[in-house]
Q: 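Below is a structure I'd like to ask you about.
Note: hydrogens, waters and symmetry copies are ignored here, and every other heavy atom, side chains too, is used.
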Amino acid sequence: MATPISRPTDPIAATAADSRRWMMRLAFRGEPFHGWQRQPGAISVQQVVEEALATILRRPAPVAVTGAGRTDAGVNASMMPAHFDAHLPMAPEALVRALNSILGPDIAVEEIVGVHPDAHARFDATSRTYHYYAVGAKSPFVYPLTWRAPATLDYDAMNRAAAILLRTSDFTSFSKLHTDAKTNICRVTRAEWIPTPGGRGMTFVITADRFLRNMVRAIVGTLVDVGRGKLSDIGFAEIIEARDRCAAGTSMPPQALFLARVTYPYLPW
């Protein structure tokens with residue numbers, strides 16, 4: 001039997017002198033991009049970051065960057081961890097400044113730290129948290145990153161239905177069809193609507209060990225049906241039990257969805 005890899009508890013597991021694996025913390029606005037993942041014929045956040053790294057590090061080809069997950073087209077991230085391998089000719093802080101000088105206004109690199117050679121942005125993540133922002137009043141300043149919600153939504157009913165997610169394991173009804181996911185089993189540890197700071201509206205906060213493609217937007221769309229009185233708690237539970245995406249509500253607009261936090265056992269993020 002292979003010996004398990006021991007993960008370091010020190011968040012900085014290597015120094016700039018000897019580390020080849022680095023973890024960066026990014027934030028980006030999703031509207032200009034066709035999601036995180038590099039793909040032919042469409043601009044992605046991953047592609048832009050890889051090409052920027054190649055430019056700064058003077059590499060002839062893009063530097064491979066692995067993100068904590070894939071965000072759909074138009075979805076934002078206030079925190080997207082990603083790892084890459086490189087010998088840096090400068091301090092990590094200097095690389096952050098250099099990348100931010102060429103990445104443009106829609107992507108920001110906030111931190112780069114050295115990590116264990118086996119650290120993995122996707123597979124080592126212990127939880128992920130998404131926020132979906134709903135506002136009840138029209139505003140020319142917040143509309144690009146929020147969803148305009150009807151003033152009559154019943155958030156108490158939506159929270160009663162959301163609590164059912166904590167007792168759910170199979171999220172097939174909220175998964176995009178025909179994906180490459182090996183399982184639709186997820187463990188949700190938080191799901192609730194809370195007041196948005198500043199009193200502008202409500203935020204749906206959901207935390208899980210993993211998420212399926214389109215899962216959060218489908219959940220929010222189905223909860224909105226509950227809030228509109230079109231669906232009861234029992235009906236929400238029946239949709240989950242059906243394991244049928246066609247039974248659930250519509251997928252919500254992407255601009256109000258943010259990947260808000262990803263946690264690791266060896267990083268303080």
Q: Do side-chain atoms of T168 reach the backbone of I164 as a donor and acceptor pair under 3.5 angstrom?
A: yes
Q: Below 4.0 angstrom, N of the basic side chain to O of the carboxylate: do E192 and R190 qualify?
A: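 Salt bridge present between E192 and R190.
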Q: Any heavy-atom pair between the side chains of W269 and M79 that's under 4.5 Å?
A: yes
Q: Are the side chains of V65 and W36 in touch, meaning some heavy atoms are under 4.5 Å apart?
A: yes
Q: Short question: side chain of T126, backbone of T263 - any donor-acceptor pair under 3.5 Å?
A: yes
Q: Can you confirm whether the side chains of T203 and T196 place a donor and an acceptor under 3.5 Å from each other?
A: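 Yes, because at least one side-chain N or O of T203 sits under 3.5 Å from a partner of the opposite role on T196.
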Q: Measure from the side-chain N and O atoms of Y264 to the backbone N and O of A121, and report whether any donor-acceptor pair falls under 3.5 Å.
A: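 At least one qualifying donor-acceptor pair exists.
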Q: I'd like to know if the side chain of R228 reaches the main chain of D154, judged simply by a donor and an acceptor atom lying under 3.5 Å from each other, with no hydrogens or angles considered.
A: no
Q: Does the pair R21/D85 count as a salt bridge with the N-to-O cut at 4.0 Å?
A: yes
Q: Any side-chain heavy atom of I112 sitting closer than 4.5 Å to one from V109?
A: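 Yes - at least one pair of side-chain heavy atoms lies under 4.5 Å apart.
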Q: State plainly whether the residues D72 and R217 are in salt-bridge range, i.e. N to O under 4.0 Å.
A: yes
Q: Do Q37 and R70 pair up side chain to side chain, a donor and an acceptor below 3.5 Å, judged on atom types alone?
A: yes
Q: I need the single residue from I234, D244, L231 that forms a side chain to side chain contact (heavy atoms under 4.5 Å, CB included) with I239. Which is it?
A: L231
